[in-house]
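Shown next, in structure tokens, is the structure this report addresses.
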Amino acid sequence: MSLAAPVVGPKTDSSITGSIRLYNTLTRQKEALVTVKPGHVGMYLCGPTVYAESHIGHMVGPVIFDTIKRYLVYCGYEVTWVVNITDVDDKLIAASRKRGISMFQVATEMTADYLSNLRSLGVTQIDHMPRATDNMEEIILFIEELIQRGFAYASDGDVFFDVARDVEYGQLSNRTLDSQQGEGGEAASKKRSSGDFALWKSAKAGEPAWESPWGLGRPGWHIECSAMSRRILGKTFDIHGGGLDLVFPHHENELAQSRCCHGQPMVRYWMHNGLMRAGSSVGKVGGRATKADTDASSSASTTPATADAPAIASDAPADVSTKISRSKGAGGLADQIEKHTGERIRFFLLRTHYRSTIVFGDEGLEEAGQALNSFYRLISRFERITGVKFFEGVEYPSRRADGDMRLAQAPASDLRQSISALRQSFLEKMDDDFNTGGAVSDLFELARTINRHVDEHKLEETAKRTPEHLASFSLGMSVLHELGAILGLFIKPPKKTGDDDSGKLVEDLMQLLIKLRADARVAKNFATADAIRHGLTALSIGLQDLKEGTTWERT
RNA sequence: GGCGCUGUAGCCAAGUGGCUAAGGCAGUGGAUUGCAAAUCCACCACGCGUGGGUUCGACUCCCACCGGCGCCUCCA
């Protein structure tokens, strides 16, 4: 008999389940999701400029978009998700000079860093990751079209977007041209107006350059997103996202380029995630020492590209936190992941709403980890009682419609009733602008409901178990799996300790101690039993006496 | 200065014009346990920055004020 819950119904049909609403930065309100192509969602997230290591702030967008895609797919949409890599830019050139390696090398290195961070946080749903340097033809073509349509002009090797020609300019960030205070940068003399921005920049000697109708040069910052999104997603697509700090100028300019080039809107829904701040009480951000700029030993472990960047908040008042950014020295996310694990960080991010500001710090991560552990304890409890492996043996519906049907067909019981209600509540929160923070609360309630079921029916005691109660238990765990998967949680077993030789030895030694203590307990020699427990406690090892034996864990 | 966000218990954090304001962490009491851990139960904001206003009724809408933050320059 398999305790794994059956997956009901055909794998998928094209019907969409649920009514999703999302906050649109452009209109500043929540709107119902109506896609360009029925049943399909095209979404584009602005990825990093790969000139230095990524920091935790770079992960907010990918994690929420990864979750959004999982949810949309769960609801029956076919989703194409694009994240670009900007691998040509002034900062990349500067980094390559500083490090004495090619721009290409810098980009390759930092892209690898970015990808590894994404993987650690369970961001696995990206379909396309186009690089700017692989799309030069498309970019140049785009610029030519803009010139032809009269929205851009060439000027001494550079090409600028003519902001004055676009009467709708400023809609996204809600600002008028008059209020622009841009100085125009060093290219000011070549511009018609200070608000004009570069589509193409002429190359100076020794800079990486591509052939173009305007001479050797490279693309401006915004054009690659317009060109690459059009190539992959079309002239108008559904969702465009990024950090709140990209609203202006990046997205405003992207939007202007694309709309003017095509005479139709670029995007239906603009989504922006809140920015992350670092609590200075943390002392470190992204693994960077607070005094990196004065302490040579601490900067030895950082990369040459950012080693002498100023530290964050090193002289700020103790209760102040500031935005995390690389220009302030953040980086070294890999160290944070090593310390806290990717899933914990992901859970930490999803506990709050994506549009709110998050203060990143050890206290919050610890707390998140504490909370996450309770789910893993439930998973162990399930495996112990049923003998079924949660990660390999519990099947769960990958589509909302299937999940609905499965629950409707399950034998009626109080547990099914409450599980069903919690699942419903969870999905309604997700429908409402992907409210993962609210949805997580239902996950906790679900875990508590399942634990209560196990307690009430004494499922820890072999003799008291009934097939009905075990089946209900499994159904609950399957729903936990189903909902967790939407958030990208509980998908893979956490990495095991004890896979190597020393781990094996520790395990054997622990079993020996547990055996000795068990003998002492049988003999009512509690002094010895307690001596073992307390001795292990001092080594940060906890023992749990269960009905079926004793387990141990590092604390 | 312009545009925008935000202020909910010790901490983190959802949320709604009107049932007892989710959930988590921490804490307290209880069940359970030789002890402990885990789990479960109970308790933990008569109030949602402050002061006004609208309303039959606001934490939720409006105004003012105070505090925190972001963008306006590169930034996820």
Side-chain angles (χ1 to χ4, degrees), chain A residues 25 28 45-49 51-52 54-65 83 89-91 94 114 170 173-176 178-183 185 221 241-250 252 272-277 319-328 330 347-348 351-353 355-359 361 363-364 366-374 377-378 380-381 425 429 432 435-445 447-456 460 521 524-527 529-530 533-534 537 542-547 550-553 555:
Chain A
T25 307
R28 283 172 280 278
L45 176 71
C46 279
T49 302
Y51 70 92
S54 49
H55 60 253
I56 182 64
H58 291 116
M59 296 294 120
V60 180
V63 166
I64 184 63
F65 265 67
V83 178
D89 161 274
D90 292 358
K91 292 201 170 177
Y114 182 70
S173 57
N174 191 28
R175 59 189 78 203
T176 58
D178 305 340
S179 70
Q180 304 302 321
Q181 296 182 354
E183 295 298 315
W221 177 30
L244 217 37
D245 53 354
L246 293 184
V247 174
F248 188 90
H250 186 52
E252 191 71 75
H272 291 97
N273 58 266
L275 303 178
M276 193 160 258
R277 295 192 289 147
D319 57 344
V320 170
S321 62
T322 52
K323 178 184 164 189
I324 293 173
S325 82
R326 285 184 295 202
S327 58
K328 293 176 185 170
F347 180 69
F348 173 76
R351 274 200 322 161
T352 84
H353 191 94
R355 279 191 279 120
S356 60
T357 302
I358 309 176
V359 177
E363 304 87 349
E366 295 294 343
E367 189 192 309
Q370 210 53 40
L372 197 56
N373 282 343
S374 65
R377 280 188 223 104
L378 173 58
S380 309
R381 194 179 199 193
S425 170
K429 307 253 178 64
D432 183 12
N435 180 2
T436 57
V440 162
S441 75
D442 293 314
L443 230 43
F444 280 108
E445 293 243 42
R448 177 150 32 115
T449 301
I450 296 171
N451 269 317
R452 190 189 301 131
H453 175 263
V454 174
D455 284 0
E456 272 175 6
E460 294 278 6
R521 292 174 71 205
K524 304 258 187 249
N525 182 358
F526 295 122
D530 288 347
R533 176 188 289 288
H534 296 144
T537 301
L543 295 178
Q544 296 89 41
D545 295 327
L546 308 173
K547 292 246 192 298
T550 300
T551 62
W552 67 277
E553 67 180 8
T555 54

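Proteins get letters first, then strands, A, B, ... in listed order; numbering begins at 1 in each. Just so you know, these numbers come straight off a predicted model, no measurement behind them.
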Open item on the list: I want to verify a distance call: between B:G68, B:A38, B:A13, whose nearest atom is closest to the A:R377 side chain?
Closed with: B:A38

Open item on the list: Heavy atoms only, 4.0 Å cut-off, all strands: where does A:H353 land among base, sugar-phosphate and nothing?
Closed with: sugar-phosphate

Open item on the list: Quick check for you: among B:A76, B:G15, B:C71, whose closest atom lies nearest to any side-chain atom of A:F248?
Closed with: B:C71

TODO: Please work out if A:M276 contacts a base, only the sugar-phosphate, or nothing of the nucleic acid, heavy-atom cut-off 4.0 Å.
DONE: base

Task: Options B:C41, B:A14, B:A76, nucleotide nearest the side-chain atoms of A:R452 - done: B:C41

Open item on the list: If I compare all heavy atoms of A:K429 with all of A:S441, which pair ends up nearest, and what's the gap?
Closed with: NZ-OG, 4.0 Å

Open item on the list: Under 4.0 Å, counting only non-hydrogen atoms across every strand here, what does A:Q544 touch: a base, just sugar-phosphate, or nothing?
Closed with: base

Open item on the list: Heavy atoms only, 4.0 Å cut-off, all strands: where does A:D245 land among base, sugar-phosphate and nothing?
Closed with: base

Open item on the list: If you only use heavy atoms from C-beta on, which nucleotide in B:A76, B:A22, B:U39 is closest to the side chain of A:D455?
Closed with: B:U39

- [ ] Could you tell me whether A:L246 contacts a base, only the sugar-phosphate backbone, or nothing, with contacts defined as non-hydrogen atoms closer than 4.0 Å?
- [x] sugar-phosphate

Open item on the list: By a 5.5 angstrom centroid cut-off and a 30 degree plane limit, is there stacking between A:F526 and B:G34?
Closed with: yes

- [ ] Rounded to the nearest angstrom, tell me the gap between atom CZ in A:R175 and atom C1' in B:G2.
- [x] 8 Å

Open item on the list: If you assign each of A:E445 and A:D432 to its closest nucleotide in RNA chain B, which residue comes earlier from the 5' end?
Closed with: A:D432

- [ ] Tell me what A:R448 touches on the nucleic acid: a base, only sugar-phosphate, or nothing, going by heavy atoms under 4.0 Å.
- [x] sugar-phosphate

